[in-house]
Amino acid sequence: MTEFLSFLMNGVVLGLIFAVVALGFTLILGVMQVINFTHGILFALGAYFAFSMQKHVGFWLALILAPLLVGVVGWLLERLVIHRTYGGNPLFGLLLTFGLAMALEEVIRMVWGKAGYSVAAPRFAAGSLDLGFMIYSKYRLLLAALAILIILLVWLFLEKTPYGAIIKAGASDAEMVMALGKNLPRMRTFVFAIGSVLAGVAGVIAAPIWSVRPTIGTAILMPAFVIVVLGGIGSFWGSVLAGLIVGVSTSVSVMFWAQISDIIPYVIMTAVLLFRPRGLMGEKSVLEV
Amino acid sequence: MGRGNAWRKRLANPMWAVFLMFALFPYIPYIGRYISLGTEVVIWSLFALGFNILLGYTGLPSFGHGAFFGIGAYAAGIYFLRVSKGLWGPLFMSALIAGIAAALIGFLVAKKRGIYFALITIAVSQVFYFIAFRWDDLTGGETGLSGIDRMDLGIPGLLRIDLSPPLTYYYFVLAIFILCTLLIWRIVHSPFGRVLQAMRENELRASYLGYHTAAYKWAAFVVSGLFSGLAGGLYTLLINSAFAFVLDWTQSGNVVMMTLLGGGTVNFFGPVLGAAIFIVSRDLLSAYWESWMLLYGLIFVVVILFIPSGILGLIGGRKQTVLR
Amino acid sequence: MEKKGSTRISRRTFVKGAAAGVALLGSGAPPVIRRALAADPIYIGVVSPASGNYADHGMMERLGMQMAAEEFKDKGVLGRPVKLVVEDDETDPQVAARKARRLVEVEKIKYLIGGVSSSVAVSVGEVAQRYGALYIASNQNSDTLTAQYARRCVFMVPPDMAMALRTQAPYLLEKVGKRWYFFTHDYEWGWSGTKWARIILQKAGGTDLGESKIPLNTRDFSAFLLKARAAKPDALVITVGGVDLAALMEQMHEFGTYKETTLVMTLINLEDLWAVGPGKMEGIYWMEWYHEIEAPGVKEFVARYKKRWPGAPIPVPTANTLNGYIGVRELLRAVDRAGKDDVTAVIKALEGHTVRDSLKHDPIFIREWDHKFVWASYVVRSKKPDQMKDRADFAEVVRWAPGKDTVRTREENPVNLGPYPGQ
Amino acid sequence: MAILMTEGLTKNFGGLRAVDSLTLGIEEGKLTSVIGPNGAGKTTLFNLITGMIRPDAGRALFHGEDITHLPIHQIVRRGISRSFQILNLFNELTLFENVWLGVQAQQGHGRELLSPADALGSVEAETHRIIKEFGLAGKEEVPVKLLSYGDRRILEITISLTAKPSLLLLDEPTSGLVSEDRKRISEFLKKLSTRLTLLVVEHAMDVVLSISDHIVVMHQGRLLAQGTSEEIRANPRVQEAYLGGQYRLA
Amino acid sequence: MLVVEKMNTFYGDAHVLFDVSLEIREGEVVALLGRNGAGKTTTIRSIMGLTPPRTGRVIFKGENIATLPPYVIANRGVGFVPDNRRIFPTLTVRQNLELARKQGDGGKNGWTLEGIYEHFPALKEIEDRKGEVLSGGEQQMLTIARTLMGNPDLVLLDEPTEGLAPIMVMEVMKIIKELKEKGETILLVEQNSTLALGISQRAYILENGHVVYSGPAEDLIRNDEVKQKYLGI
C-alpha cells in the first residue's frame, strides 16, 4: 500500500509538470489553432536558461528570469514566422513549427553542446523528507507546490482578469474580438508568449530531476500532445486532469508492467478519442473540421 | 474520351521521363556511383507516392504514415528470419501486413478529417513505435533485426539474378517502382480515384451524391498503406536490416514534407521530385556540416511560408487545394 | 560547483579546430616526406554520433581516433598518407547504415570504425560485411556483436558485458553483500548486464531481490527507485546508459538512494559522470579504463591528450577516447603488417595478433575466432567531492582483472565467422 | 399517400430548440414549400431528414421506412436528394466533373479501382445529356469556382438531381438570383414537380406562391400552418402571429 | 460620417460586391435592404474591415479606413452588431460587456456599464450568467449592449431581428428606436423591410452585390414596383 502511494504520488508530481507544459500548449492551440511543435523546444530552452543562470543568480531568480527569456523567444518566433500561418489550414502551422523545432534543437546543440548537464536542485530542497507514511524527495514536493501555484495563477489570470476574458473570448470568436476593437494580432502574440513562458517554467522546474539534454524537448512534446488531446482542446481543467491521468497511469503501470508504461498514455488517448472525440472535457473541438 | 481530358490536362504526363531518368541514374557521373542512395530515393518515392494517395488525392493529412513503412519493414524482416527465406515472400508480407494494419487503423480514422485526422494518426503510429521497441522477441528491440539477405531473383532452372550487388538491386527496385507507379496512376485516374478527389474538394457533397465517404476513405487508407508497406519491405532488403527508428514520428513528418516539397498536392510526380531533393540534400548537407539539422529545419519553414504548393506548384500547376 | 563557464567559451573554437584537423592529415609534414606520401591516401571512414543520445561519447572517441591517425602523419602507412572521413550517425542505425554505405560505395573506403550504440554497430557491421569492408566497432559493449551478430569483417574493441560482470561481481560479493536488486535498461545491452550478474550471484548463493526493467527514454525514475528501496538490497546493480543514466543518477541523489544501499554501475563512462558532476553518485562502477590507472604509457597518453586538445570539453581521455585511439592505431598497424591495402589481408593481420602497448595492465589479444579484443577492465569506487584532486578525478581503482580471465570461452560462445571477403 | 413523414422531430442546439416536435407529411408528386422567418428551423429540418444531423427525439419515415438513423449516402440511395442554400460544389473541379461525379455515383462505378475513369461511356453520355438538359452546355471545362453565381445555383440543383431522387429537397434554390434567373428556376421547378416530389425552402414569396401545391409555415421550430397558397394567404393566424401584423403578403 | 465609394469585395476568387457606394450622415438611420445573398452582410463586413474590399474607399470621419485592420476601425468609432449575435459563450454577461469597453471615453452618449444596465435592466438581472445559456432575445440584447459599451459613433446593425419571437422583435425595434432618438448613427441591415423602413430616414437596396436603389425611406414604402422586383414583396 505504501508502495502504491509512492507510485501515485510520483504520478501526481509528474502529472503536474505535464499539466503545466500542456496548459501552454493548449492555450496556443485553443486561441491560434496552431499545433505548436516548438513547444518542447521552449521547454528545453527553459531548462537550459535556468542551467546557465542558476550559477549566477540562484534558483529563485532563475525561476523568474528563465521563463521570461523563453517568453521573449516565443514572442520572436510568433512575430517572425508563426503568425503567418494563422487562419490558413492548421497543417501549415503544424509543419512550420515541426521545422522550427528541428532547427532550434540544433541551435541548442550549437550553443550548449551535445552532451547533457545536470542541474542542481536548490540546496534547501535537496534530500528527502519523512512524511510519516513515506519518505519523499523534498525537491519533488517543492516542484509539486510550484506547479500547483503556477496552475492556479494561470487560472486566476484567465478567469479573473480582463486580459483573461479577452483571451477566452478570442478562443471562441477571434473575429468578434477584433470587431470590438481589441488588437487581435497583439493578443495572439501575447498568448504565444504566455504559452512559451509556461513551457519555459515547466522546463526550469523539471531540469533538476531530469537533467538537461538537447533531446528533452522532443521527449516532453509527445506527452504534452497526448494530454491536450485527451483533456480536450482548449479546456483548462481538461489539461490538468489529463496531465494527472497520464502522469499517474505512467507511474503506476511501472509497478505492474513497466514495459508498457510509455504506451499507456497513447492507449488511453486512443480509447477516449474513439468514444469521445472531443476529449474528456473539451467543450468545442476546434480540431474537428 | 473527350471531356474527361480535363483530368488529364491537369497532370501532363512526365511519367516516361521520370522512369527514364531513374533508369539512367547509375550512369550519371559522380552521383551515379552512389547506387544505394539512388535506391533509397526510388524507395522513398514509392512511399511518398503511396502516401500522396491520401494527402494529395483524398486530402487526408496522415501524420503517422511512417508506421506503415515501418510495419512493412519489420514484416519483411520477420518473415525472412522466422518463416521462410525468399525474395517475394517478405515483399508480399510487407505489403500485406501493412495493409492489414492500415485496415485496422483506417477503421478508427475513416470518419475523421483535417488536423484531427493528423492527430489520431500520430498517436497510433507512436503505439507501433513503442511496440517495435518493446517487443524484443519479435522485433529485436533497440538493436533491430539484421542478416536479412536479398535472395536471387529467378525462375528455378531458367533464370537467376543475384540481387546482392547494389546495382542489380537498384534495377529490381526500379522495376517494382515502375509497376507500382503505373498501378497508382491507374488508381488515381479510376472512378475510385475521382471519388477520392471529390471527397478532398467537398466531402459533404460527395456523400450527398450517394458515396459512402467513410468507406472510400478507409479504402484509400488501406491502398496507401499497402504501397507504403511495400516500400518498407524494399527498404529492409536494401539495408539488410530493420530498425524501430523507422517508426519514429519524425519519419512520418519527413514523408509529409517530401510530398509537399515536390508539389504532391498539385502534381502526381510531386512526391518523386520531393523525395529525390529531400534525400539527396539531406545526404549532402549532413556530410559537410555537422549542424545540418539547423538548415534542414529552416528549409521546412521556407517551404511552408513561401512555396506551400511545392516546387512543381511553383513552376505552374493548378492552385493547390489541400492546404488552404 | 559547476565551473563550466570558461570551457564553454573555448569549446566552439575547439570544435572548429578538431574538424579541420580531421579533414586533412599529412599536410603539416615536411616537404620531403610529403613528396614521399604523394600516393593515394589510406582512408578510414568514421561513423560516429555527433548528434543524438550519444553525441558526447562520439566526440570523445573521435578525439582518440585522430590522435592515432596523427601518429602516422610523418611516415604514413605503406608509404601513403592517412585520412579520416567523419560521418555523423545521429545515434540512429538507419542513418549509420546510410552513411556507411555512402563511404564504402561512393568514397570506396575499405575501413570503417566507430559506433557507440549497439544498434549502430550492428547496422554498420551489416554494411561492412555486405560490401566486403572492414569494420572496427570501437565503443559498443553489447555481447551480441561477437555472438549472434559476429561477422568476418567486424572486430570489437571494448570489453563486453560478460567481461564487465566477471570483473566486478566477485568484488561485490566479497565487499558489499549478497542481496542484489537490478535496474535493467530494457534492451539488448541492459539485459546482458543483468543476465551475467545474476549468473554469478546464483553461483555464489546470493539473494536475487528482483529487477526493474527500465524502458528506454525514461525521464522519471522515482517509481523504480521507490520499488528498489522497498526491497532493501545490499547492492542496487544498474545497467542503464545513454540519456537516461544522467537523469537516473540525478534522481538517486535526490532520493538519497545511495545512503541506503550501495549503487553499482555495471558500466559507466566518464562522460556520464562528467555530465552529472561530482558528488551526485557514490558507488562502485565498472569502467573499461580510467585515466588514473598505473599501466605503462597511460601518463604519457593523458599528457599527449591534454596537449593536443587543450580546449576539449572533458580535459582527460576517457575509455571512448582510448578505444577510438586503439582502434585506429591497430587498424593502421595491421595494414602495415599486411603489406597491402586489402581487406582480407588486413583481417588476417589482425586475427591472432597481440598488442603490447595496450595502455592497460595486460596486452590485447585479438581472438581470431570471434574478433574480440581481449584485454583488462577495472572496478572503481567513487570519490567524495572533497577527496577529488580535480573535477575529472571521480574514482579510485579498487580491482582489475585481465581480459583472458573474464572473456567468454569458445565453448560459451561458439560462433562461426564465415568466409573471408572475396572468397 | 405521404412519401415522407416526420413524427415529433425535435432538435436542440444548446439552449435553442431549432426544431420542436414537428409532425409533417409530404404528399407524393406534389411541390411543397416550407416558409418562415430566418431561424425558424427550415434548414435544420432538411438536415434532419437527410441524415446530416441526428434528431434528439422523433423520427422520419420515407415510404414508411424509418430513415432517422441512416447515414447520408444510404438516405440518398433510397431516393432523397438535396441542394444547399450555401453553394456546396466541388469548386476546384470543372462543371463536367461535378456532374460526372454525380452520375457515376448513381451508376455505381465508384468502387472500380483499376479501370480508367475516362472510359466510362455511359457515365459520360449521361453527363452530357444532363448538362444539355439544364442549359449548361458549353461551360463543361470551366472550373466551378469561375462560373457565374447563377450558373452555380443551377448546377447546385443539377448535381442533386443526378442521384435520380424520388424526393428532392431544395434549400433556397433562388437565393441570390436576379429576376430572370428566378423565373427560369421557378419554371424549371414546376416542370420538375411533374416527375418527382419536391420539398422547397424559399424566401421569394412570388416564387413560393406561384409554384407551390402546398405550403408549410414554420416558426420557432414549430409548424404554424399549412395549406394551399390561397389558404395560407387567407390564414389569419399566419398573418397575425408569424407576420406580426407588420409583414404584408403580396 | 461614412462614405463608401465604389467598393469591390471578393471571397477568394468570387466577386461579391460590385462598386458599392453608400453614404450615412451623422444622426441618420439608414436601411440596407435586399434578398438573402444580395451582399448586405458582406457590405457591413467590408466596412468593418473583416472582409476588406479589394478596391474602393471607405471614408469614415474624413479618413479612408478601407485598408485598416478591424480593431483599428472599431477603435476609430465603428460599432458592429453581428447577425448571429456571437456572444462569447464562456464569458458572463458582465464580462461580455466589460470586454467591449474601450480606453478613453469617446462617443457622445458616454455609455458606461451603469448606463447600459439602466437602459437594459434585463441584463442586470442576468449579469453573472454565461453567454451560452442565454435565450435568443437576451443574446440579441446583449450583443447590442456590448457594441454600445464601445461608445461607437456609427453602429452597423446586421439583422437584429433574425430568428426572434415576435414579441422580442418588437422589443429590439423599440431599442433601435430609442437609440435613434438618442442620436446614434445607424446602418441597419434587415430582411424585414417593412420594419426597417419604418424607422429609417433613407434606404439602399442591394441586388447581387450591386446597389440598385437608393432614396428616402418614405419613397420606397410607396414604391411597390421596386419592392416587388428586389425585395419580393
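Below, read A as the first sequence line, B as the second, and so on, with proteins coming before strands; counting in each chain starts at 1.
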ask   = What part of I122(B) gets closer than 4.5 Å to chain A, counting heavy atoms only: side chain, backbone, both or neither?
value = side chain

Contact class of I82(A) relative to chain B, heavy atoms under 4.5 angstrom = neither

query = Side chain, backbone, both or neither: which part of V256(B) has a heavy atom under 4.5 Å from chain A?
reply = side chain

inquiry  = Would you compute the distance between atom CD1 of I304(B) and atom OG1 of T85(A) and round it to the nearest 0.5 angstrom?
reply    = 9.5 Å

request  = Could you tell me the separation between the CD1 atom of I131(B) and the OH atom of Y266(A), rounded to the nearest 0.5 Å?
outcome  = 12.5 Å

note = G99(A) and V301(B) have their tightest heavy-atom pair at C-CG2, 4.2 Å

note = Tightest non-hydrogen contact, residues L294(B) and E106(A), listed as N-CG, 3.5 Å

task = Find the one option among F300(B), Y129(B), F130(B) whose heavy-atom pairs under 4.5 Å with chain A are most numerous.
result = F130(B)

query = Side chain, backbone, both or neither: which part of F63(B) has a non-hydrogen atom closer than 4.5 Å to chain A?
reply = side chain

